Structure formats: C-alpha cells, structure tokens
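Because the structure is predicted, anything quoted here is derived from the model rather than measured.
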Amino acid sequence: MAQSEEAAALPQGELTVRTIAMPADTNANGDIFGGWVMSQMDQAGGIAGVERAQGRVVTVAVDGMTFLRPVRVGDVLCVYSRVVGTGRTSMRIQIEAWARRFRTQTREKVTEGVFTFVAIDDDGRPRPIPPAAPGLSP
C-alpha cells in the first residue's frame, strides 16, 4: 500500500467521542440510523469547538456529509475531529466517524463531513474566537 493510501486508511484528528451502536438506534433496514451517527458527529464537533473557542458554540452548517458504509448494532463508533479553519466568530471542523466492527478489530471509516460552528456569548450572540495557542489547530 502506498504511503498516501496508508494515511487515508487512518483516522484524521483527535478521538473525541466513542460509543456503542445499540438496537434502539436502528432504521427500518436494521442498520444504525444515519441521523444517530450524525448526532454523534455533531457532539464531537461541539466538544472540539468548545475547546477551541473556549466557550459555548452552536452548529450552523454541515457541508459535504458523505455516508460511506453502514454502522451495525454492536459496532463501536469512534468519532474523530480536527479544526481545519477559523474565522472571527466561526470555525470549520472536519469530522470522521469510524466503526470498530462487533467482535473484531476491523476498523472502517463510515462517514465524514465538515461542520461549521459559531462561538456565542451567554446571550446567544456571536463572539470572537480567541487566537489559537501555539502549536494548536487554526
């Protein structure tokens, strides 16, 4: 496997959320409902956003969401996030969801997307994002 293919086969970002897919989270096909996966990704993005913005954030957009493979009951969903850009009050966070397949060590990327968050103050109004600490993401 070429080095670029090898890098693509590894999660990008920091492990932010890890949870198990349960029967209550299935759709009519018996796979885990895509909305459940997306909510786990939104939670991970919120955690990363709060850390970067040093305070409250809200989700304002989801760009380029791509579902690659299904998640099944018993899989462990691992969600990775990384800030890929910041503006004055907003930030873009790349989020990948990987499934560790039930009773195996097989790991597959199941979906990815870029979520945009806005830092807000206690009144819910946009507020500036502090400068990044040296050595951290944008």
Side-chain angles (χ1 to χ4, degrees):
M1 183 182 302
Q3 188 174 7
S4 62
E5 290 175 37
E6 209 171 285
L10 296 173
Q12 301 295 302
E14 182 177 332
L15 178 61
T16 313
V17 168
R18 187 173 178 205
T19 190
I20 189 165
M22 300 297 285
D25 305 315
T26 58
N27 61 23
N29 296 323
D31 296 321
I32 297 302
F33 181 55
W36 179 84
V37 175
M38 191 172 180
S39 76
Q40 302 304 312
M41 295 171 73
D42 191 39
Q43 287 179 28
I47 290 168
V50 163
E51 289 174 359
R52 175 60 188 86
Q54 300 172 19
R56 293 176 62 192
V57 298
V58 293
T59 311
V60 295
V62 178
D63 301 323
M65 187 81 184
T66 305
F67 290 93
L68 306 169
R69 294 181 177 82
V71 177
R72 298 180 189 92
V73 171
D75 289 348
V76 174
L77 187 73
C78 301
V79 185
Y80 296 82
S81 61
R82 65 188 172 105
V83 177
V84 293
T86 57
R88 191 177 80 75
T89 63
S90 66
M91 69 193 90
R92 293 173 47 82
I93 301 177
Q94 173 72 38
I95 303 173
E96 296 182 359
W98 289 68
R100 178 150 308 207
R101 299 304 184 182
F102 185 57
R103 293 192 284 181
T104 73
Q105 294 301 309
T106 303
R107 182 175 55 182
E108 297 180 305
K109 186 192 297 188
V110 294
T111 187
E112 63 185 338
V114 177
F115 288 55
T116 302
F117 291 84
V118 169
I120 59 170
D121 63 19
D122 290 337
D123 295 320
R125 290 187 295 252
R127 66 171 176 82
I129 296 172
L136 292 182
S137 297

Please report, to 0.1 Å, the donor-acceptor pairs under 3.5 Å made by any side chain of residues 86-96, with sequence neighbours excluded.
| residue | atom | partner | partner atom | Å |
| --- | --- | --- | --- | --- |
| R92 | NH1 | D63 | OD2 | 2.8 |
| E96 | OE1 | Q12 | N | 3.1 |
| E96 | OE1 | W98 | NE1 | 2.9 |

Handout entry: Separation between CD of E51 and OG of S81, rounded to the nearest 0.5 Å
Key = 7.5 Å

Fill in the blank from the handout: residues 13-34 vs salt bridge (Lys or Arg N to Asp or Glu O under 4.0 Å), sequence neighbours excluded, gives none

Handout entry: Smallest separation among heavy atoms of R52 and P130, with atom names
Key = NH1-O, 2.8 Å

Problem - With sequence neighbours excluded, residues passing side chain to side chain donor-acceptor pair (under 3.5 Å) with R127 - result: none

Practice task
Report yes or no: do L68 and Y80 belong to one cluster of Ile/Leu/Val/Met/Phe/Trp/Tyr joined by side chain heavy-atom distances under 4.5 Å?
Solution key: no

Problem - Side-chain heavy-atom pair D42, M38 within 4.5 angstrom cut-off - result: no

Practice task
Decide yes or no for R107 and P11: does some side-chain heavy atom of the first lie under 4.5 Å from some side-chain heavy atom of the second?
Solution key: yes

Practice task
Considering only Ile, Leu, Val, Met, Phe, Trp and Tyr, and joining two whenever side-chain heavy atoms are under 4.5 Å apart, list the other residues clustered with M22.
Solution key: I20

If you look only at distance, which donor and acceptor atoms sit under 3.5 Å apart when one is on a side chain in residues 112-125 and the other is two or more places apart or in another chain?
| residue | atom | partner | partner atom | Å |
| --- | --- | --- | --- | --- |
| E112 | OE1 | K109 | NZ | 3.2 |
| D121 | OD1 | D123 | N | 2.8 |
| D121 | OD1 | G124 | N | 3.0 |
| D121 | OD1 | R125 | N | 2.9 |
| D123 | OD2 | R125 | NH2 | 3.0 |

Exercise for the section: Flag yes if V76 and L15 sit in one hydrophobic cluster, no otherwise; membership is Ile, Leu, Val, Met, Phe, Trp, Tyr, and two members link when side-chain heavy atoms are under 4.5 Å apart. Expected result: no

Exercise for the section: Write down the atom of N27, the atom of I32, and the distance for their closest heavy-atom approach. Expected result: ND2-O, 4.1 Å

Practice task
Using the salt bridge (Lys or Arg N to Asp or Glu O under 4.0 Å) rule, collect all pairs that involve residues 64-80, keeping only residues at least two apart or in two chains.
Solution key: R69-E108, D75-R101

Handout entry: Minimum-distance pair of heavy atoms, taken over all atoms of I129 and A53
Key = CG2-CA, 4.2 Å

Exercise for the section: Check whether any side-chain heavy atom of V71 lies under 4.5 Å from a side-chain heavy atom of T111, and answer yes or no. Expected result: no

Exercise for the section: Following the transitive rule for hydrophobic clusters with a side-chain heavy-atom cut-off under 4.5 Å over Ile, Leu, Val, Met, Phe, Trp and Tyr, establish whether V79 and F67 coincide in one cluster. Expected result: yes

Practice task
Give the minimum heavy-atom separation between A44 and T16, together with the two atoms involved.
Solution key: O-CG2, 3.4 Å

